[in-house]
There are 2 protein chains.
Amino acid sequence: MEEGFIPDVTRANGKGYIHSIAIDAVIFGFHDRQLKVLLLEYKSTNLFALPGGFIMEKEDLNNAATRVVTHRTGLKNIFLDQFYAFGNYSRYDPQPLKTIMTANGITPGDKHWLLGRFITVGYYALVDFTKAVPAPDGASDNCKWYDLNKLPKLMLDHKVIIKKALECLQVSLDQKLTGFNLLPEYFTMGELQNVYETILGKKFLRAAFQRKMLGLGILERVSKKFTGKAHKAPYLYRFVSAHKA
Amino acid sequence: MEEGFIPDVTRANGKGYIHSIAIDAVIFGFHDRQLKVLLLEYKSTNLFALPGGFIMEKEDLNNAATRVVTHRTGLKNIFLDQFYAFGNYSRYDPQPLKTIMTANGITPGDKHWLLGRFITVGYYALVDFTKAVPAPDGASDNCKWYDLNKLPKLMLDHKVIIKKALECLQVSLDQKLTGFNLLPEYFTMGELQNVYETILGKKFLRAAFQRKMLGLGILERVSKKFTGKAHKAPYLYRFVSAHKA
DNA sequence: CTATTATTGTAACAAAATGTTACAATAAAT
DNA sequence: ATTTATTGTAACATTTTGTTACAATAATAG
């Protein structure tokens, strides 16, 4: 049975799910020198939203996030990090969900569990743009990549959630070398530099960037990439986590 | 009315609180070259726990955390940072709370809201040990400082929560200069170095540490501290956030 | 086949940050 | 006045980072 934002019409009474808590996923991809975010568009409404979901009664919080991201991207073993719980009272607004439910043929009572106040736990995922296969859920028209700089109008506080996710990504890029998760297995130094420059919003000098990355001892030089262009072919590298002592 | 872990007997039915979500606070202090954590001991049980609480129906999540920490320490304007939401199913164990409630003369039914599964949002606070006045809540005997290295047996996964809080504190010390929040307004360079060494678990060379700290341009030299010992008196410094451009 | 073009990899040097040693300054005790 | 313990910082060494320059090279143009 399809798992989606509206969990399953047979469970519309909330049975099987923990109430008042949701998870939302900011799924980042990288393409064309741009950071992308995966968004859902809801049927017959003009509402865009982050992929999200609810926690099942006996499910670990982090597993709920993994489940959501796996379903939306078709990918397993995704890099996923919990970054913040959003719980301002001001984010409570039943209207968007009421609209979505109505558009899906459900007429909820005012006490419907999905129309109550929710605290949402934010996760960000880093995926290989070329591998992900965006899949809408039962209540949404579309699941598509959007340029981080050209986001459509988003539901509730989802824009704030994305902003915070980006800030956390920027920190983790420096500290935990997470950037590789946005690239395919093999990549050039230039492509890696693009990822860093785009996410951190600043330029690096090529020589220093390369020296630093190679100095970390986590890159394996694999082969060359012949682009068909009139210049020296760059090397392809691979990320190897187990670096020698 | 006293706010505590058991919110208020008149609200024992859960009215007024969001169910399934709690907050827990790791309140750090610094004394005698040691990091301290504020813990509650529950009446007539051998259970120690982090100060925690629940979110009121119209209350912001972060405000709930502030409220709890303010009540337990008597302090306002506390440095407080949300660091992680703990939501493993394995942390669900109604027994400890049932014991506490029984010891407080409450005999809850098995469906009592406090005996359900909770996801807790962890916060850590940094307070001036000399200013805080630990206060137990209605259901606890004691609210006391415990040495981080000599923690008593803790309820549920509270030890895991403290461990994660420390890891986040270590990162924020480097990045956000949060360490000053653990010291009184005026402090010596040696005291500051102690804080850094204790939290990060490593030694720094005095000369380099001092040069680095002064180089940040966030310390104002105020006066001297005459300790009564037979040696040069150290300067007292003050943290000034607004450093000149 | 050679010269040209665009880009890569890295050496070489400069500058800044950090690590280390040493020593003068000084508050209190002797 | 001398000694003791500790502080503040200068001076130098080492490491890291910033910058410039140049050889290497894949494709193209002549």
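Because the structure is predicted, anything quoted here is derived from the model rather than measured. The chains referred to below are lettered A, B, ... by the order of the sequence lines, with proteins before strands, and numbering in each begins at 1.
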Next item on the list: Please state whether the rings of B:F79 and B:Y124 are parallel, tilted or perpendicular, taking 30° and 60° as the class boundaries.
Entry: tilted
Item checked: Rounded interatomic separation in angstrom, taking CZ from A:F187 and C1' from C:dT8 -> 16 Å
For nucleotides 2-4 of chain D, list the nitrogen or oxygen atoms of the protein found under 3.5 Å from its nitrogen or oxygen atoms, one pair per line.
residue : atom : partner : partner atom : Å
D:dT4   : O2   : B:A230  : O            : 2.8

Taking only nitrogen or oxygen atoms into account, show me every contact under 3.5 Å that the protein makes with nucleotides 11-18 of chain C, one pair per line with its distance.
residue : atom : partner : partner atom : Å
C:dT18  : OP1  : B:K212  : NZ           : 3.4

Checklist line | CG (B:N77) with more than 12 external heavy atoms under 6.0 Å | finding: no
Notebook entry, point to check: Within the distance-only criterion (no hydrogens, no angle test), does the side chain of A:H158 pair as donor or acceptor with the backbone N or O of A:L50 below 3.5 angstrom?
Noted result: yes
Next item on the list: For B:F204 and C:dT20, give me the distance from atom CZ to atom C1', rounded to whole Å.
Entry: 16 Å
Check: Relative to the ring of B:F86, is the ring of B:F83 parallel (under 30°), tilted (30 to 60°) or perpendicular (over 60°)?
Finding: perpendicular
Next item on the list: Could you tell me whether the phosphate oxygens of C:dA6, OP1 or OP2, come under 4.0 Å of any side-chain nitrogen or oxygen in A:R206?
Entry: no
Notebook entry, point to check: Is the shortest side-chain N/O distance from A:Q210 to OP1 or OP2 of C:dT8 below 4.0 Å?
Noted result: no
Note to self: Rounding to an integer number of Å, can you tell me how far B:K229 NZ sits from C:dA28 P?
What the structure shows: 11 Å
Next item on the list: Name the orientation class of the two ring planes belonging to B:F48 and B:Y146 (parallel below 30°, tilted from 30 to 60°, perpendicular beyond 60°).
Entry: perpendicular
Notebook entry, point to check: A:L219 has an atom CG; how far is it from atom P of C:dG9, in whole Å?
Noted result: 12 Å
Item checked: CD on B:Q193 to OG1 on B:T188, rounded to 0.5 Å -> 9.5 Å
Checklist line | Distance in angstrom units between A:L205 CG and C:dG9 C1', rounded | finding: 15 Å
Margin query: Which label fits A:F204 and A:F209: parallel for a plane angle under 30°, tilted from 30 to 60°, or perpendicular past 60°?
Written below: tilted
Notebook entry, point to check: Is there side-chain contact between A:R67 and A:H71, with at least one heavy-atom pair below 4.5 Å?
Noted result: yes
Notebook entry, point to check: Whole-Å distance between D:dA26 C1' and A:L236 CG?
Noted result: 15 Å
Notebook entry, point to check: Could you walk me through whether A:L35 and A:L182 pass the side-chain contact (heavy atoms from CB on, under 4.5 Å) check?
Noted result: CA-CA 9 Å; A:L35 256 187; A:L182 288 165; 4.2 Å; yes
Margin query: Classify B:G190 by what it touches in the nucleic acid, base, sugar-phosphate, or nothing, heavy-atom distance under 4.0 Å.
Written below: nothing
Next item on the list: Please name the residue in the list A:R33, A:K203, A:K202 that meets the salt bridge (Lys or Arg N to Asp or Glu O under 4.0 Å) test with A:E197.
Entry: A:K203
Notebook entry, point to check: Using rotation axes that map the C1' atoms of four end pairs onto the next four (five pairs an end), what angle separates the end axes of the helix from C:dC1-D:dG30 to C:dT30-D:dA1, to 10°?
Noted result: 20°
Notebook entry, point to check: Is the ring centre of A:Y237 less than 6.0 Å from the ring centre of A:F239?
Noted result: no
Item checked: B:F226 CZ to D:dT7 P, straight-line distance once rounded to whole Å -> 14 Å
Notebook entry, point to check: Whole-Å distance between C:dC23 P and B:K232 NZ?
Noted result: 16 Å
